[in-house]
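Below is one structure, written out as C-alpha cells, with a few remarks after it.
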Amino acid sequence: MQSLLTKLSALFGDAFEEIGIGSSHGTVVVSARPDLGQFQCNGALAAAKALKRNPREVAEQMLEALAEREIFADLSLAGPGFVNATLTDAFIGEWVAGMGRDERLGCPLVERPRNVVVDFGGPNVAKAMHVGHLRSSIIGDSLQRVFRYRGDVVTSDVHLGDWGRQMGMLIMELKREQPGLPYFDEAYTGPYPTEPPIASEDLEALYPRANDRCKNDPEAMDAARVATMELQQGRPGYRALWRHFVDVSSATLKRDFESLGVQFDLWLGESDANPRIPAMLERLEGNGFIEEDQGARVIKLPPADGEKEIEPLIVVNREGGVMYGTTDLATLEQRVNDLHADLVLYVVDARQGRHFDQVFRAARRTGIAGNAILEHVAFGTMNGPDGKPFKTREGGVMKLGDLISMATVQATERMSEAEIAKDYPGEEQELIARTVGIAAVKYADLMNHRTSDYIFDLDKFTRFEGRTGAYLLYAAVRSKSILRKATERGFSPGEVLAPGDRERPLLLQLTRLPDAVEDVYEKRAPSFLCEYVYDLAQTLSRFLAECHILSESDAALRASWLGLVELCLRQFELALDLLGIEIPERM
RNA sequence: GCGCCCGUAGCUCAGUCGGAUAGAGCAACAGCCUUCUAAGCUGUGGGUCACUGGUUCGAAUCCAGUCGGGCGUGCCA
C-alpha cells in the first residue's frame, strides 16, 4: 500500500504528464488552507514559471486531464494557480478501512532493501554513560528501528570508544597508583589475573584524575601517548589490563542501554579495527595515498568539485600511533567488505562534523568506501536550563542511571498529585512511573529536530502537560481502556464507515502515518514521527470529547468508532515502537 | 583568521530544494468533569520571522552584505 499523498501526487503527476509537463509537478501536500480544501497542489505555478505560461491556464488544463475524478468532492482553482482538492467522505472511509486491513497500516516497504550500518559512535570505556550519550542512543535507536521497519537490512554497532589515548592515560594513571601490579612489569611472563584490578566505579573515578594530570602535565601526556602506542602494538601487560577496563566498563554500559531499551547487533569498538590497520596502511602507502607531513603520515584531501579546502587526515602520528580517523577507515573497510554496506550512518555529535568530512573524503579518495554512501547523522548539543552544556547542580556530569531515577521520581510525584493509578498494586505503580519517566526523557529528546541544540529541563519534560511523552502514553492507554471496556460490554470494533464532520479530522489524520514514517526515513530525523504521534493523540482526544462511544446506541456507528479507536491504538503502538517508547497497559 | 550551525510569540521550538491568512507547546486569561482516564477538551490575547539590500507575480524560506550567538579549527575522541 502507498500513502494517500503518494497516490494523490501520482494522480496529479499523471495529469501533468498528460498535458506534456513533468509529473514531478504533481506533488500534493496537506492544505495550508483547510477552509478551501483538504489538499493542495502548487505544481502549476512552478511549471508555468519554467514554461513562461499563465499558471491558471496550466492548472485548468491539468485538471481537465485528471483521472479518477470521482474520488473528489471538490476540485477548484484559486489565486494565481493553486489547486485545492477535497476528497469524498466515501473515499476517505474506504481508504482508512484499507489501512486497517493492512498489517503494515499502509506503510510501504522499500523497493530495494539496502545493507545499512548504524554507528552509534559509542560511549568511551571508563567514562560513565552520562546524559551526553542520550542523544546518539535515542536517535540512533529510533533510526535503526525505522530503517528495519522499511525493510532494509540493518546492522547497528555501539562502536565503543575503547582504543584512543584515554586508554593510555588510564594505564599510566593506574600505574602511578598501583605500580606493583604485574601488568606493568615487562619481565612478567606468567598468566595475568582473571579478576579485574579495578571496579567500575573506581574506573570512572580514575579517568578524571588521569585527564586532569595529562592536561596540566605535558610529560604525563607524552607517557600516555607512548603507552597508547604500546597498547596498540600489543604489549601483553597493557593488553590484559585494557581487556579488564573494557569488560568492567561494558558491564555498566550494557545495563544502562538495557534500561533505555536500546539494543545493538554488534558490540564492537574501535579496537576491533586494529588488526586490519597494518595491512590497510601498507596498501595505502603502496598506492601513494599517504604522505609525510611534519613528522606525521597523512592522507591529503584535495577538494573535488564544489568542495572546500580541508586539512589532511592524519593516519599515523609522530609517535607511530594511529589516530581515530585511521580506526574509522579500517572499520569502514570491514563494513564495506564483510557487511557489504550500502549506507553507513554515523549518529554522532555535530561537533565532529569536520572529522567525518575528512574521513569520508579520505575513504572515497582511497576507494575504501567502495560504493557505500557515508553520512554523518549529526545532532546538536544538549544544554542545561541556563543554555550551557548540561551539568548537575554540583557541576559534574549527570550519569544516565541517576537521570532515569530522577525522571521516575518526578513521574511518581505527578501521578500521586493527580491521583493516577492510586488503586494499582505498588509494583505496577513503580513500573508505570519508570515507563512514563523514560518516555518523558526520550520524547523530549526526539521531538527536537536532531540538528538543533536543545535545553534539557527535566522539570519541564516530566510536567506531563502538553507536548510530552506522558501525554502520548495517556492517549494510547485511553484507547486501550476504551477497547477493554467495549469488550466487557460485548461490543467489538467493526468496519470503519465513511466519516461525517465529527470523524473526518481523525480519519484524515490517520492517513498521514506512512508519510511521517517516510520523512523519518528520508531525513534521518525521528522528530517527524514525534510530531505525527502528538497530532494523532490530540485529534483522538478531540474526537473522544465529542463522541461518547460506549453510550452510542447506533450499533454500526459504535462499531465503526471502535474500529477507529483500534486503528489509532495500532498506530500508537507502531509509531511509539519506532521511537523506542514503551506503552504501559494502563496508567 | 578560516569553516560549519543558528537568530521566528514573554519562554522552548516547528515551518526554510519560494506559494495563499507564519504554527505548536508552555506561561496568561475565560469556560468544560452525575458519561469511555480532566496527565484531557474548548475559546481569547500575543509576531518589524535579527537588520539592510537584491532576485521573483510571490521571500521566514533563495542570493549578497551587516549585526548578534554557538561550535569547530593537524598529531584527543
Are there over 12 heavy-atom neighbours, none belonging to A:Glu219, within less than 6.0 Å of that residue's CD?
no
For B:rA77, the Watson-Crick or wobble counterpart (both distances under 3.5 Å):
none
Can you measure A:Asp349 atom CG to B:rC5 atom C1' for me and round it to whole angstrom units?
12 Å
Is the ring centre of A:Tyr534 under 5.5 Å from the base ring centre of B:rA24, and are the two planes under 30° apart, so that they stack?
no
Length of the line joining A:Leu540:CG and B:rU37:P, which is rounded to integer Å:
12 Å
With C1' as the reference atom in both, quote the distance from B:rG7 to B:rA77 in angstrom, rounded to an integer.
30 Å
Distance criterion of 3.5 Å, no angle test: do you see the side chain of A:Asn317 paired donor-to-acceptor with the base of B:rG74?
no
B:rG25 and B:rA14, which share atom name P, separated by this distance in whole Å:
16 Å
Can A:Gln232 and A:Asn274 be counted as having a side-chain donor-acceptor contact under 3.5 angstrom?
no
Student check: side-chain heavy atoms of A:Gln429 and A:Thr412 closer than 4.5 Å
no
Is there a donor on the side chain of A:Lys49 or the base of B:rG19 sitting less than 3.5 Å from an acceptor on the other?
no
Phosphate-side-chain proximity, A:Tyr471 and B:rC41, N/O vs OP1/OP2 below 4.0 Å
yes
In whole Å, I'd like the distance from the CZ atom of A:Arg467 to the P atom of B:rA27.
15 Å
